[in-house]
Asks: 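The structure's right below; bear with me while I get my questions together.
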Amino acid sequence: MTPYTIHPARITARRTETEGIYTFTMRLLDPSVRAAYRFQAGQFNMLYAFGIGEVAISIVSDPSEPEILEHTVRVAGRVTGVMADWKVGDVVGVRGPYGNGWPVDAARGRDVVIVTGGLGCAPVVGLINYIIRRRDEYGELHILHGVRTPNDLLYREKFDEWRRVPRTRVYLTTDQPDKSWHYRIGVVTELFDELNVAPSAIVMMCGPEVMMRFAAHALLQKGIGDDSIHLSMERRMECAVGLCGHCQYREHFVCKDGPVFTYRTVRRLFGVSGI
Amino acid sequence: MNEPLKLKKAALQDLIDLLRREEFKVLGPVVREGSVAFHEVREVSDLPIGMRDAQEAGRYRLTPGVDGEIFGVVNGAGSLKPFFFAPHEILLEVRREHRGFKVRDATPAAPRLALIGVRACDLAALAIQDRIFLHDKFRDAHYEARRKDVFFVAVNCTRSAPTCFCVSMKTGPEAASGFDLAMTEMEDGFVVRTGSAAGERVVSKLQLPTAASEDVAKARARIDECASGMQRQMDTSDLPHLLYDEVDSPRWNDVAARCLSCTNCTMVCPTCFCHSVMDVQELDGNMSRRVRQWDSCFSLEHAHIHGINFRPRIHDRYRQWLTHKLASWIDQFGTSGCVGCGRCITWCPVGIDLTEEVAAIRAQRGKH
Ligand SMILES: Cc1cc2nc3c(=O)[nH]c(=O)nc-3n(C[C@H](O)[C@H](O)[C@H](O)COP(=O)(O)OP(=O)(O)OC[C@H]3O[C@@H](n4cnc5c(N)ncnc54)[C@H](O)[C@@H]3O)c2cc1C
Ligand code: SF4
Ligand code: SF4
């Protein structure tokens, strides 16, 4: 068995989140592979569509039940386009888990700020679910989400649901509001004016790099340390074992050193284009 | 190490024959398409006897050399890399089965290789590739299968190409490790040293005599002369920081205006390891192979993800390549990614020379 070995898994459930976004539940077929499989919140798998290819997709299910693997896939191109047709009963390929995951242990007992932007960020949904399932172990939960237009707001019901969780606040904003929009107007960083957190808070972010850069800047001004700000990076990945070279972010291999980095680690590189 | 031995020129054929009898496929530098590359060698006459190479930035020619000199050609475009990290290879075979599929690891066909005429920089490059493909957290089965049990006959350089700068990179011109035999060419033969038990066995079968002390001294002097006469240099001091600090050097634009982003430098480089992983389906739809194939950070798709290209400009891609080779490689693998073989200089169609780029970046450091 090599690190490239693909393990067959059967789709046991399929849910349409919204047009072009689907959540698949899957179960590894080989009992010994399944029994040995463990993951941490924020890790990802390489999912394989027979004959088409393989892509990096985060695991959104809960690590306490490692036999159930849930992945939310947004149709983006060739491989994810084929995944849109996956049905219950289909056998697909899985290898993983890869990456370092979210710092959910370091976050325990602290206020947690989650910042996302752009088109719904699957890794963050898994993280929010993780914290909500262990609500007592964490402090205040702040979820900030910015979209360009109201149409980009995926999972509207999820945000409404999260609002009702104890000690949880949800902040939504858009640059280009329409009549249906009854949240805030402006870019995501304006949400930070409303945000009231202790400097001991921990931050986890996912989304476009410009957004994360502005957000990190605003959070630093609130006294949060650059090593308490964690961000999930996205780069091309073809192997996930630090070998194919595509995910390099200067000295970092995003697949194995990340995808989650502290702002301290990437700070100097973040503003430079073309890295 | 053990005492130096002498191999007469005529006895080189005995070495080749012996290795072939021991079921090695013997490879050495062979002239192909105006350059040399490692190909099968059965007779000494397959080697580029009496030839030398004329190399400079963007230019390579084989020229008449010194009569009887066997290893007069320093190197060619082909390094050892393709023999261990294959340019194109099948990793997995996935076969469709009623409602699912079955995965089989493809095992590479790995002939037992004996490589003759390997240079110090080639061995240094291989040691770098070992750190990438065979480390504690990951061992690449395909690389490992090809890498084990190879017999290396190194040739210490007594002449360098003007593009070489192994002295700066501390990799040559004398092979330091990684060989079974290391030879220094003289007019009438070679001074031979052994570097492994396998090498010991081979020389004892050949019953080589001890080298005369004058020969040993002469061989030493030739290597030293080669080292001191090396034309190109690279100042490697503070290299990771120089390139990290100079992320916005004006020189990146300057070199980007010349670079064609053709990927040649990465293909000839003996240490570059970027590759694509592809799944290729057979026409009948029942079988798909996972293939890995060399890729280059100069290709447009290299840093492309859906909707974003992180390195759209040649400026970004050249900076990535040079910074990776000389700086981030050190952070990643504890060694520079460059051994100073000069191939990227020679085989760049527009003659871009990394030593010159580094010098220019250094000269402009902090002044812009
Ligand atoms: C760590 C990580 C976690 C991710 N988690 C999710 C998730 O939970 N849900 C989700 O929908 N998407 C996720 N993505 C993005 C997903 O991997 C891409 O959308 C997907 O690779 C696009 O492939 P494609 O063939 O459909 O698109 P194409 O544009 O046709 O891509 C062709 C090839 O380019 C590469 N590629 C293209 N886009 C990306 C990308 N964004 N990231 C990495 N490689 C890319 C892949 O090798 C892909 O096969 C994640 C990416 C990373 C790096
Ligand atoms: S970067 Fe150029 S000189 Fe250095 S090892 Fe690669 S090809 Fe040789
Ligand atoms: S530096 Fe030269 S060899 Fe390398 S990509 Fe540019 S033009 Fe091609």
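Within every chain, numbering begins at 1; the chains are lettered A, B, ... in the order of the sequence lines, protein sequences first and strands thereafter.
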Asks: For D295(B), is it the side chain, the backbone, both, or neither that has a heavy atom closer than 4.5 Å to a heavy atom of chain A?
Replies: side chain
Asks: What part of N309(B) lies closer than 4.5 angstrom to a heavy atom of chain A: side chain, backbone, both or neither?
Replies: neither
Asks: I need the residue from R104(B), H304(B), R289(B) with the largest number of non-hydrogen atom pairs under 4.5 Å to chain A.
Replies: H304(B)
Asks: Can you tell me if NE2 on H241(B) sees more than 12 non-hydrogen neighbours from other groups inside 6.0 Å?
Replies: no
Asks: Could you give me the CA-CA distance, side-chain angles and deciding distance for S273(A) and R313(B), then say whether side chain to side chain contact (heavy atoms under 4.5 Å, CB included) is met?
Replies: CA-CA 10 Å; S273(A) 73; R313(B) 303 169 297 172; 3.5 Å; yes
Asks: Using every non-hydrogen atom in the two residues, find where Y48(A) and S288(B) come nearest and quote the distance to one decimal.
Replies: OH-OG, 3.7 Å
Asks: When rounded to the nearest 0.5 angstrom, what is the spacing between CZ in R250(A) and OG1 in T323(B)?
Replies: 8.0 Å
Asks: Relative to each other, are the rings of Y4(A) and F138(B) parallel, tilted or perpendicular (30° and 60° limits)?
Replies: perpendicular
Asks: Can you measure from CD (E238(A)) to SG (C274(B)) and round to the nearest 0.5 angstrom?
Replies: 9.5 Å
Asks: Using a distance-only test with no angle check, is there a side-chain donor-acceptor pair under 3.5 angstrom linking R268(A) and Y244(B)?
Replies: no
Asks: Taking all non-hydrogen atoms of both residues into account, name the closest pair between Q248(A) and H324(B) and its distance.
Replies: OE1-NE2, 2.8 Å
Asks: Which of the residues D257(A), V272(A), I275(A), V92(A) is involved in the greatest number of heavy-atom pairs with chain B at under 4.5 angstrom?
Replies: I275(A)
Asks: Which bit of E209(A) is near chain B, if near means a heavy-atom gap under 4.5 Å: side chain, backbone, both or neither?
Replies: side chain
Asks: On a heavy-atom basis, which atom in F50(A) and which in R96(B) lie closest, and how many Å separate them?
Replies: CD2-NH2, 3.2 Å
Asks: Is chain A contacted by the side chain of F333(B), its backbone, both, or neither, given a heavy-atom distance below 4.5 Å?
Replies: side chain
Asks: Give, for atom CD1 of I305(B) and atom CE of M237(A), the distance between the pair rounded to the nearest 0.5 Å.
Replies: 9.0 Å
Asks: Nearest 0.5 Å please: distance from the SG atom of C244(A) over to the NE2 atom of H302(B).
Replies: 7.0 Å
Asks: Could you tell me whether the side chain of K137(B) reaches within less than 4.5 Å of the side chain of K256(A), counting heavy atoms only?
Replies: no
Asks: What's the spacing between Y249(A) OH and S328(B) OG if we round to 0.5 Å?
Replies: 12.5 Å
Asks: Under the criterion side chain to side chain contact (heavy atoms under 4.5 Å, CB included), I'd like the reasoning laid out for L243(A) against H275(B): C-alpha separation, chi angles, the key distance, then a yes or no.
Replies: CA-CA 8 Å; L243(A) 203 62; H275(B) 59 266; 3.8 Å; yes
Asks: Using non-hydrogen atoms only, which part of M287(B) is less than 4.5 Å away from chain A: side chain, backbone, both, or neither?
Replies: backbone
Asks: Can you say whether V103(B) sits under 4.5 Å from chain A via the side chain, the backbone, both, or neither, judging by heavy atoms?
Replies: side chain
Asks: More than 12 non-hydrogen atoms from neighbouring residues, nucleotides or ligands closer than 6.0 Å to CZ on R95(B), yes or no?
Replies: no
Asks: Counting heavy-atom pairs under 4.5 Å to chain A, which of L91(B), V247(B), L92(B) comes out on top?
Replies: L92(B)
Asks: Under 4.5 Å, counting heavy-atom pairs only, tell me which of R99(B), R290(B), E282(B) racks up the most with chain A.
Replies: R290(B)
Asks: Any idea which of Q320(B), R319(B), H142(B), R317(B) has the most non-hydrogen atom pairs under 4.5 angstrom with chain A?
Replies: R319(B)
Asks: Heavy-atom distance under 4.5 Å to chain A: side chain of N286(B), backbone, both or neither?
Replies: backbone
